[in-house]
Every structure is written in structure tokens, then in C-alpha cells.
Amino acid sequence: MEQKQPNWKKVLGKGAFVVSCIVIAALLLFGAVYFTLRVRRGCTTRPVETVQATPTPEPTPLPDRVYSADRHPEIAPPLDRLDISDAHIEDYGELLRDPTRWIELTPEGAESFTIVRSIDLGCSYLVEDGVYYRLGEGDDGKGVVDVLLTDLDLDDEPDLLYTYHFGANEDTFSKVGWFRFDTHTSVLSDFSQKDGFFSLVEEDGNYILYRAIRDADLDTGTFGLTLTERLGEITEVMGQIALIMDPQPTPEIPTE
């Protein structure tokens with residue numbers, strides 16, 4: 001009996017039909033998935049959003065402090081009570097004997113003492129019961145720059161915080177001093193700033209140290225302090241002056 005040969009055209013036609021069905025089904029499936037994702041995403045393409053860093057707020061205006069030359073001691077300090085070198089007395093003796101060349105920097109609230117500073121030489125003193133106690137160090141520089149009546153060691157007795165400037169030419173420095181009335185001596189800070197000036201402000205019972213610019217009339221001794229940057233809080237630790245620096249701000253990084 002003779003075998004019947006397969007019709008290859010029909011076989012190939014059926015195969016092409018099956019492949020076409022599979023491709024069409026795949027395309028329909030892909031389309032359904034794509035459409036679903038588009039619906040879930042709102043059927044729109046959203047642009048990439050850049051979150052801007054929060055702008056830094058404007059700083060609170062800083063208080064300025066002005067010391068007027070209208071206050072002078074009634075008489076010039078006696079030179080034999082001041083620890084000034086003979087060379088400086090020889091150079092500045094006439095000016096040191098002139099009370100109008102001294103300026104009084106006594107803070108508000110002081111009752112038993114005064115503070116005086118030489119306009120020309122910068123040497124500064126706390127005067128109590130006729131005794132002159134030196135404030136700061138060195139004969140050159142601007143001497144005492146700022147004063148603040150405090151109770152730094154919290155013993156219910158008044159203390160005096162002050163900033164002072166010393167040095168000559170390009171080597172000038174500013175420091176903080178703490179005058180203790182119980183011992184009539186000054187404790188001087190270990191920290192200092194080369195060039196520039198320090199200023200003190202009481203804020204909510206804390207004693208804050210600022211960098212400052214000193215604008216002065218050298219002929220009259222009047223000067224003002226323009227505060228430029230808050231540095232931190234002055235405190236007392238084991239009988240010494242300490243500065244708790246303000247933390248540096250952490251910059252905000254933009255996110256995408």
C-alpha cells in the first residue's frame with residue numbers, strides 16, 4: 001500500500017499561524033503591563049524634583065557698645081602706684097599726668113570701684129580704696145576694651161569680666177580677664193585672638209563672647225564696639241576661665 005506524503009505547505013502555514021499567535025499574545029501582555037504601570041504612575045512622566053536647601057535666616061542684629069570719653073577721673077593716677085616701666089614713663093609721663101588723657105570705663109552697677117584706662121598708652125586699672133590693680137598685661141596695645149559686671153563663679157559675690165588688647169605693631173592680641181574681688185587678682189584666659197578685639201554681652205544670665213571691631217576717636221578716647229561674630233559662652237572651670245565654643249552650623253545638602 002503506497003504511503004501518502006505530507007503537505008509541507010500546510011504544515012508550514014500552520015506553524016506560522018501558531019508563531020503569529022504567540023507574538024500577538026506577547027505584545028498584548030506587554031501592552032497590558034505597560035498600560036497598568038502608566039495608570040499607577042498617573043499616566044504622566046514627572047520631572048525630577050530638586051529640593052533646595054533651606055535658606056539661612058538673617059542673623060539677629062548684634063548690640064553695639066559705646067564707651068564715651070565724657071567720663072574722666074578727677075585726678076590722674078599717681079605714677080608711683082602704677083607698674084609702668086621707666087621707659088614708658090619717660091616717653092608718656094606728661095600725658096599720663098593729664099586726667100583728660102585717661103578715660104573711665106566703670107560698668108553700670110559698680111559701687112565700690114572704678115576702672116580707668118590711659119588713652120595714649122592703654123594701661124588699665126581697677127581702682128578700689130585708692131589701690132590700683134592692673135587689668136590685663138603689657139604696656140602697649142589698647143588696654144581694656146570691654147567690661148561686664150558678673151558673678152562668674154556663682155558664689156553670690158560680684159566679679160568683673162573684661163576683654164583687653166595688648167602688643168605692638170603687627171603682633172597684637174586680645175584676651176579675656178576675670179578680676180576676683182576676694183583676692184584682688186586677675187585670672188587671664190589661655191585662649192586669645194591675634195589682631196581684632198573681643199566684646200562681652202550678658203544674654204539670659206550667660207556671658208557671651210563676641211568678635212568685634214573697635215571704632216575709636218584717638219584724640220578723645222571715645223570708642224565703639226561693633227559686634228561681628230558670636231564665639232561662645234564664657235564660664236568658670238576649676239578657678240579658670242573657659243570658653244565653650246558655639247557649634248559650627250552643619251550645611252544642608254540639597255537632595256534630588
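All values reported here derive from a predicted model rather than from experimental measurement.
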Interatomic distance, [X] atom [atom1] to [Y] atom [atom2] [nearest 0.5 angstrom]:
X	Y	atom1	atom2	value
Glu202	Leu161	CD	CG	10.0 Å
Leu95	Asp120	CG	CG	4.5 Å
Ile213	Leu225	CD1	CG	10.0 Å
Thr114	Arg71	OG1	CZ	9.5 Å

Is a side-chain donor or acceptor of [X] paired with a backbone partner of [Y] at a separation under 3.5 angstrom?
X	Y	result
Asp140	Gly167	no
Ser189	Phe191	yes
Asp151	Asp155	yes
Ser174	Gly196	yes

**Item:** Residues forming a side chain to side chain contact (heavy atoms under 4.5 Å, CB included) with Asp91, sequence neighbours excluded
**Value:**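 Result, side chain to side chain contact (heavy atoms under 4.5 Å, CB included) vs Asp91: none returned.
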So, do [X] and [Y] sit near enough that their side-chain heavy atoms are less than 4.5 Å apart?
X	Y	value
Asp153	Trp178	yes
Phe198	Val145	no
Tyr125	Ser118	no
Leu227	Val201	yes
Pro99	Ile75	no
Gln240	Val187	yes
Val147	Leu160	yes

**Message:** Using a 6.0 Å cut-off, check whether atom CG of Asp182 has over 12 heavy atoms from anything other than its own residue.
**Reply:**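 Yes, enclosed.
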**Request:** Please name the residue in the list Val144, Leu148, Leu209 that meets the side chain to side chain contact (heavy atoms under 4.5 Å, CB included) test with Thr163.
**Result:**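 Only one of Val144, Leu148, Leu209 forms a side chain to side chain contact (heavy atoms under 4.5 Å, CB included) with Thr163, namely Leu209.
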**Item:** Derivation and outcome, side-chain contact (heavy atoms from CB on, under 4.5 Å), residues Arg211 and Leu231
**Value:** CA-CA 7 Å; Arg211 285 196 177 98; Leu231 295 175; 3.2 Å; yes
**Message:** So, using side-chain hydrogen bond (donor to acceptor under 3.5 Å, both in side chains) as the criterion, who are the partners of Asp98 when residues are at least two apart?
**Reply:**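 Only Thr100 meet the side-chain hydrogen bond (donor to acceptor under 3.5 Å, both in side chains) criterion with Asp98.
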**Message:** I'd like to know whether Tyr210 forms a side-chain contact (heavy atoms from CB on, under 4.5 Å) with Leu200, so could you lay out the CA-CA distance, the side-chain angles of the two residues, the decisive distance to 0.1 Å, and finally the verdict.
**Reply:** CA-CA 6 Å; Tyr210 285 87; Leu200 296 160; over 6 Å; no
If you take all heavy atoms of [X] and [Y], which pair is closest and at what distance?
X	Y	value
Arg117	Ser124	CG-OG, 3.2 Å
Pro158	Leu149	CB-CD1, 4.4 Å
Cys123	Trp102	O-CZ3, 3.9 Å
Lys142	His165	N-ND1, 3.1 Å
Phe166	Glu137	CB-O, 3.3 Å
Gly232	Leu243	C-CD1, 3.8 Å

With hydrophobic residues grouped by side-chain heavy-atom distances under 4.5 Å, do [X] and [Y] end up in a single group?
X	Y	answer
Leu79	Leu121	yes
Phe173	Tyr162	yes
Tyr92	Val116	yes
Leu105	Tyr164	yes

**Steps toward side-chain contact (heavy atoms from CB on, under 4.5 Å) verdict (Arg230, Met245)** = CA-CA 9 Å; Arg230 174 179 160 140; Met245 296 287 292; over 6 Å; no
**Asked** When you check the gap from the basic side-chain N to the acidic O, do Glu236 and Arg180 get nearer than 4.0 Å?
**Response**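 Judged by the 4.0 Å cut-off on N to carboxylate O distance, Glu236 and Arg180 do not form a salt bridge.
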**Request:** Using a strict cut-off of less than 4.0 Å between a Lys/Arg side-chain nitrogen and an Asp/Glu carboxylate oxygen, indicate whether Arg101 and Glu94 qualify as a salt bridge.
**Result:**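 Glu94 and Arg101: not salt-bridged.
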**Item:** Ile234/Ile241 under side-chain contact (heavy atoms from CB on, under 4.5 Å): CA gap, chis, key distance, verdict
**Value:** CA-CA 7 Å; Ile234 297 292; Ile241 302 173; 3.8 Å; yes
Using only heavy-atom distances, determine whether the side chains of [X] and [Y] contain a donor-acceptor pair under 3.5 Å.
X	Y	result
Ser199	Asp146	yes
Ser112	Glu128	yes
Thr106	Glu104	yes
Thr172	Asp195	yes

**Request:** Give me the ring orientation class for Phe179 and Tyr133: parallel if the planes are under 30° apart, tilted from 30 to 60°, perpendicular past 60°.
**Result:**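 If you compare the ring of Phe179 with that of Tyr133, the planes turn out tilted.
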**Message:** Please tell me whether Phe181 and Phe113 form a close aromatic pair, meaning their ring centres lie under 6.0 Å apart.
**Reply:**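 Yes - the distance between ring centres of Phe181 and Phe113 falls below the 6.0 Å cut-off.
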**Prompt:** Looking at Phe223, does the NZ or CZ of Arg214 lie under 6.0 angstrom from its six-membered ring centre and within 45 degrees of the ring axis?
**Reply:**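 Judged by the rule (NZ or CZ under 6.0 Å from the ring centre, within 45° of its axis), Arg214 counts as positioned above Phe223.
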